Each structure stands twice: as C-alpha cells, then as structure tokens.
Amino acid sequence: MAANFWTSSHYKQLLDQEEVDVVQSLDKDRGITLEDFKLIKMHMANYILKLAQNVKVRQRVVATAITYMRRVYTRKSMTEYDPRLVTPTCLYLASKAEESTVQARLLVFYIKKIQSDEKYKYEIKHILEMEMKILEALDYYLVVFHPYRALSQLLQDAGLNDINMTQLTWGLVNDTYKMDLILIHPPYLIALACIYIASVLREKDTTAWFEELHVDMNVVSLLKAKLCERGESIQFLLLGSCIEFVGCCNF
Amino acid sequence: MALTAPGQLNVNESPSWGSRSVDCFEKLEQIGEGTYGQVYMARELKTGEIVALKKIRMDNEREGFPITAIREIKILKKLHHENVIKLKEIVTSPGPEQDEQGKPDGNKYKGGIYMVFEYMDHDLTGLADRPGMRFSVPQIKCYMRQLLTGLHYCHVNQVLHRDIKGSNLLIDNDGNLKLADFGLARSFSNDHNANLTNRVITLWYRPPELLLGSTKYGPAVDMWSVGCIFAELLHGKPIFPGKDEPEQLNKIFELCGAPDEVNWPGVSKIPWYNNFKPTRPMKRRLREVFRHFDRHALELLEKMLTLDPSQRIAAKDALDAEYFWTDPLPCDPKSLPKYEASHEFQTKKKRQQQRQHEETAKRQKLQHAQHGRLPPIQQSGQAHAQMRPVANQPIHGSQPPIAAGPSHHFGGKPRGPPGPGRYPSGGNPPGYNHPSRGSQGGGGYSNTQYAQGRGAPYGSGNMSSAGPRGGAGGGGYGVGALIYLQFGP
C-alpha cells in the first residue's frame, strides 16, 4: 500500500483495548456480554474467510474486510447492524478498495451455498444498502495497513526468510485477525510478535536481533500473550496454524 | 448565517465520526454539469466558507458505491499537499432527493453522497481559453513548477493520476495550481508488477506506451501528459489532437519520430506494436517544429516527450531542470493577476454563442474557426511563427462538424456570425476546435459519471467525436470521461 503508515488515518485511528472492548448499549440490553461480542466477531472473521475462499480473493482483501468489520463494531451495535449482513458487505467493500472487485451477485450466490440458515440469506439490494452504511460508519477511511509487508521485510532482515518460517509467520499473522489486534497495534509490531512466536516455536535464537531493533519488548510480549490467550477458543480457528498456536501456549 | 429551525436536526454540529448532512451547506449555484451529475458552489452555513460539492451519483450503479469513487476517496484521504486538491469531507443527504427536473433521484439506497472540496476559481484550460488570454513566461513556469511539485508528491506516495490534462488542473485566484479529479488515479507499487488498464488518460494526453497497449506502466505516463500540457502552454494549442487511437499515435510519431528498438528498447514486445508500426520511416522533428521555443523549455520538453517511458524524465528531475532556474524565473503565485471566475457553467451563454460561431465557421470551412489561444508573450516577436502548424497534421476541418455525443444540443440552433478571424487564413493551422466544448464541456467543475467497468472505451466510435477533453464533463472535479476500467487481478 502506498503512503506512509505514520501519517495515515489507520495510525491516527488506533484504539486502546478498552475502547475496542465496548459492547454497544443496544447489544448489552439484549444480553450480549463482552465475551459473546468477541466470539461473534471471531465467528464473523471466519465467515469472511470462508466466503473469500469461495469467491477467490487475495488474503489482503480478507484482512481488510475483517478490519472494516471490527471497526464498524467499535461504533455500531450488532442489533442495528446485523453481523450476518455486515460481514459479506465488508468483504464486498474491501474487494473494491483492494482492487480485487467481486460482483455482488457472486457473493450472494456463495452466501446461499455456504449458509443454510435462513437468517443469513441476504440479497444484492441488502448488501448495496449496507455498503453505504458501512462507508459512513468507517467515515470513508478505507486504507488499511497490514502486517504482511512488514513481515516479509523483517523476516529478510532477521535472515529468517526461509519457506518454513515464512509460512508459519504468515499463518500467525492471518490468525491475528481473529482478534482486534489490527485496531490496536501498528502492523509492524504485530508482524514482530508473530516472528517472535515463530522463532520460539522453531527454537531460533532471535534475541540479539530483537534487541537491535529497539522495539518495546514489553509490547511484543503483551501481543504474544494476547495471541496465546486465544488458545481456549481454538475451535474457532480454522487455519492450519492453529495447531502451532496450541503449541505456543504451552511453553 | 442561517439558523436551524426548532425541531430540526442540528446540522451544524460535527459528529465525532460518520458524515454530516449536505444540509450543512447552502448550494449557491451549479458550476459544473455533466450528463450524470452536478458540481455546486456552496457555502458552509457555519463558517461561511465557500466550497465545491461534487455529487456522486448512485443510480445507474449495479455494483453499489462506484469503485472509481472509492479509489478517489481512498487516494484523496491520504494525499495532503498544497498542489493537490483537498477533499475536506464527505457529506450525505438524508433522504431521496429530487434532481433539477423534479424527478425522484432514483437512488434506492440513500439520498446522495457529495464530496466536499475546497473551491477553486478556474481550471488551466478554461483560463487559457479566455479570449485574449496570454500567459507570461514566468506565469507558465510558475504553473508548470506547481504541476510538477504536486505530481512528484503523488508519485512519491505511489499514486498515478492517470488523467492529467488542463481541465483537471485547478487554479485559484492566488495563483495556486492543484491537481484534481483522482477518479482514474490508483496506487501502484514498485515491487508488484500488476497489470493495469491501458484505457486511461484523455486521448490527447495519452502516452505512446498506453496507446500501444502496454499494461505495465508507471509514473512516466503522467509525465507524458505533463509534456503535452507544457507544449500546449508554449504553443498556444494542443499539440496532439488525435480523434482516435491510430490518429493519436500517428500524430505522436510525426512529431517524436517512430519508435524502434534503438530509441525504445523492448518496444516491439508491446502488444499492439505490430498493428501500429509506421509503414514509412519517421524522424523525430520536435526540435525543428518547436525551434522557436526557449532553449531550456525545448530541452525540458524533449525529455518529457521521450517515447521510451523508462527514459522519460521524472517529475523530481524535471523540477531540477535549467528551465526553472534561469531567467525569467517562475513568478510567485501571489503575484499573478486575478481573473474573474470562469466556470463553464456560469458562462454558458457566452460560450454557447461562441460555439455557434465556431460551428458556423467550421461549416463554412474556414480554417480558423476557434478563437485561438495566444501563445505566451515571448522575448522575440514570433507570434506568427508560433502558430505554424505541426507539419503533416491533417486538416482538422475534416472532423464531423457536429459532435455526435448526446451532450451537444446546439446542432439545430441558429447560426451566428463566422468566428473571429484572429489569424489570416492563408497558411495558418487548421482551426483547432475543442470538440468537448459542447453544452457540457469546458472548464471548471464538471462531473461525469463514475464509470464502473462498462463505460465506452475512450476515443473509439461515438466517443471520439465528443472529444477527449472530457466527453461530457472535462472539469477538474469530475471524471473526465467514460473510460473503461479494468480491474487488476
């Protein structure tokens, strides 16, 4: 992506965990707890991924779509913005913003194919209508920075850019989207945390390299802890690297 | 300042997120008109600030919010530079709106969406076309430097503008020039070798690599357009006014020579090279044709109008050119004369009359139909030499006299007197008409449909006669033309 992260709206819009973990009052009234809130978002992230695999778009589009969805729910309630509609719409919008356009009718076709539940069955007009609402909820800020670019640069810098480490870290980065990390931390830190986890898993000594980077290791460990704490919800993780996750939670 | 009536929404308050209502603005007058949308000059009620509102039309869109609008918003939200138009915010109108004819807007989703821009008084083409307008050399240098500065900023931020032309360069009364209309712009990255569409950039300003069908290209495409504008400013009229792609390439080859593996390594591998390969040898005649130009200007122009995009000068290097650092130096924008706002829409009547003159003139096969732009005031009195035609340029009167586009509704109007005979007809260039100066064309703020992958390919068929200045719009705030957009993989 073009432009500079530090001058971007993405950077300016980074939130604190406490700001992200707010259940909208309308949702609270319906008895949705913070834990439910997180699980629904994780479930929706998986739904986006599943749809994306069917319509065949790049991982980047998935990541952007999930980010949009998570941003929307920092401002809007699930009661008013049905996640079952917001989710495909975010993918639809992200596919445009990331130049991998998917036709709305194709999306609707796969929704019907994947979801047997009537409650998921939205039509093109619903998606187009929701698109406008999401654009507004996002305040038209559509550029999202992801850890992928930083990841490959950092791996190269650390001399860890073999196929094994690349695949493992890439999978870990994908998994970070099961959480709200992208709303809270700058992408390069997420990439670093994934490299850190991977290097521990693969027993690679990267201490010296990390020290040289002068990154705040407290933040990296915190991120790592957050990644690992999701081990309990592992049933929601569909990616292959979830097994690695369990592994990393045991040390 | 108007106050909100009791019981109404407080439209003055800025929400912490989400968008305000268009009711925060008072539409003053329409300053641009395209077949598909309008641009208004408006006043923000709260501050009294004058802005331009560009409506994003949503009806006609089968795929929701137009991707061209998404691109423009994405890009404008991240570009902040004094030579790039500022997107102030996006506002929505709460309910279904009525258009000018009182018909329901037809928008199923929401009222309307408007992009709010800072207001600019002119665009470069509009300004240049003012009768009797003559730019001074320091003024041209000043505009060119601002154009290159803004473009350099875009390129550094990995944005290709892809529609650089006079009507997309807006100028305010403080002499500031800003790049506008990013409806065709997109991000590029150096490491990705993505295929981009070659159906971008208004025909007259389109570089040879795109005309030859290249789909991997970079910032050099914008620099060709800059070269065309530069030459146009010095020459007094567009230098490559082709009416379709083959003619466009031919005009380029006539001036810049034909490409071959010597002057452009790899050219023979470009998709359509063999289709357009000239049958006869053609020498580069740029220096000869423009020999009356200032030496440094010619030197810079040579580098901009280089056929091989990899050898074409970059914006950054162009800013270092001798041209900008020798006397007369570029002037301070603030020292430039102030002109009365010249928005096409506002001066429609006047223009229409003028067009009728042109029309009649053309009909009578006069070769000087247009009120010609005057070449810049130059050191030596070469005004006549400067109007020398580009050799071999086909007579332009052969163009269909009435543009076929639906936008031109002056066909049946009574004819006015013949066009102003500014130049004696003998030996003069064919009257150069601005085909797009149809009812909707022209400077200022126009707005055209956001093409979403189904606009007519530009410069072909019926579009060609509507003219590349923007089929229906041509204004800086609008998308210049319907251009077929193809999306990357």
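Numbered from 1 within each chain, the chains take letters A, B, ... in sequence-line order. None of these values were measured; they are calculated from a predicted model.
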Non-neighbouring partners of B:Q146 that pass side chain to side chain donor-acceptor pair (under 3.5 Å), sequence neighbours left out: B:N83
A:E19: partners by side chain to side chain donor-acceptor pair (under 3.5 Å), with sequence neighbours left out: none
Identify which part of [X] has an atom lying under 4.5 Å from any heavy atom of chain B, answering side chain, backbone, both or neither.
X      : result
A:I127 : neither
A:V61  : neither
A:E131 : side chain

Side chains of A:D36 and A:T33, donor plus acceptor under 3.5 Å: yes
Test side-chain hydrogen bond (donor to acceptor under 3.5 Å, both in side chains) applied to B:Y119 and B:K88, step by step: CA-CA 10 Å; B:Y119 177 78; B:K88 297 165 74 72; over 6 Å; no
